[in-house]
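Count residues from 1 along the sequence.
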Amino acid sequence: MHQEHQKLVRALHALTDVQDHDEGVPDEAFDILMERAQALMAYEKQMPALLAEPQRLRSQKVIFWSWRAQSAVAIALILAFRLLGYSDGWYALVVPHLVGTFCGWPLEATVKNHLARRNASIALHAVGALLVLVVLGVLSPWFIVALLIGWAFVGTAVADGQEAGK
């Protein structure tokens with residue numbers, strides 16, 4: 001793009017040098033200049049998106065795999081409950097976790113929302129680890145409150161990312 005701009009400037013300079021100085025800039029040169037200026041302004045508007053693209057792609061991968069991994073964790077817990085005949089009502093926590101993670105599968109990372117959604121996806125792993133520890137009895141059932149707070153944080157971060165993407 002920069003080289004094209006330099007070629008255009010040289011061509012316009014050559015056109016205007018040939019003309020008599022009293023005549024001003026020829027119409028065709030002015031039209032070309034205006035067209036090129038509009039192209040450069042359009043390119044300038046795209047610059048933030050182009051610069052953020054590598055980070056956005058990284059965020060997209062984190063978002064994609066985080067939600068699917070947590071769905072797999074929930075499915076593994078449900079299968080373990082079924083195979084071991086153990087539940088003690090923990091389905092009430094694991095099934096909503098599974099449904100919530102399924103809802104996160106279609107999330108996309110845009111230039112404006114990728115950081116919020118990536119942070120929410122990373123926080124989702126902490127929520128998943130907390131879920132596993134509570135359900136397996138390593139942590140007290142009182143940590144269900146922390147689990148709910150974690151899901152509130154994840155939901156809010158995803159919703160904020162959605163608003164930023166509009």
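Remark: Glu108 pairs with Gln60 by the side chain to side chain contact (heavy atoms under 4.5 Å, CB included) rule, at least two apart or across chains. In this structure Glu53 satisfies the salt bridge (Lys or Arg N to Asp or Glu O under 4.0 Å) test together with Arg56, sequence neighbours excluded.
Only one option out of Val95, Val73, Leu83 pairs with Ile78 in a side-chain contact (heavy atoms from CB on, under 4.5 Å); it is Val95.
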Side-chain donor-acceptor distances from residues 124-133 under 3.5 Å, at least two apart:
residue: His125; atom: ND1; partner: Gln70; partner atom: NE2; Å: 3.1
residue: His125; atom: NE2; partner: Ser66; partner atom: OG; Å: 3.0

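From Leu98, atom CG reaches atom CG of Leu77 across 10.0 Å, with rounding to the nearest 0.5 Å. Remark: Ile63 CD1 to Arg68 CZ distance equals 10.5 Å, nearest 0.5 Å. Distance OG1/Thr110 to CZ/Arg117: 6.5 Å, rounded to 0.5 Å.
Taking hydrophobic clusters as Ile, Leu, Val, Met, Phe, Trp and Tyr residues chained together by side-chain heavy-atom distances below 4.5 Å, Leu139 does not share a cluster with Trp142. Cluster membership for Val154 and Val145, using ILVMFWY side-chain heavy atoms within less than 4.5 angstrom, is not shared. In terms of hydrophobic clustering, with Ile, Leu, Val, Met, Phe, Trp and Tyr side chains grouped at heavy-atom distances under 4.5 Å, Val99 and Leu148 are assigned to a common cluster. A single hydrophobic cluster is seen to contain both Phe81 and Leu147, as judged by linkage of ILVMFWY side chains at heavy-atom distances under 4.5 Å, directly or through other members. Grouping the Ile, Leu, Val, Met, Phe, Trp and Tyr side chains by contacts below 4.5 angstrom, directly or via other members, places Leu93 with Phe153.
Residues Leu107 and Phe64 fail the side-chain proximity criterion, which asks for heavy atoms closer than 4.5 Å.
Taking each heavy atom of Ser121 and Trp67 in turn, the nearest pair found is OG-NE1, 2.9 Å. Residue Val134 comes nearest to Ser140 through the heavy atom pair CG2-O, 4.2 Å, listed as atom of the first residue, atom of the second, then distance. The two residues Val94 and Ala74 make their nearest non-hydrogen contact at CG1-O, 3.5 Å. Listed here is the closest heavy atom pair of Trp90 and Ile144: CZ3-CD1, 3.8 Å. Closest of all the heavy-atom pairs between Trp151 and Gly100 is CH2-C, 3.9 Å.
Within a 6.0 Å radius of CZ in Phe143, other residues, nucleotides and ligands contribute 12 heavy atoms or fewer.
Asn119 places no side-chain N or O within donor-acceptor distance of the main-chain N or O of Ala116, the cut-off being under 3.5 Å.
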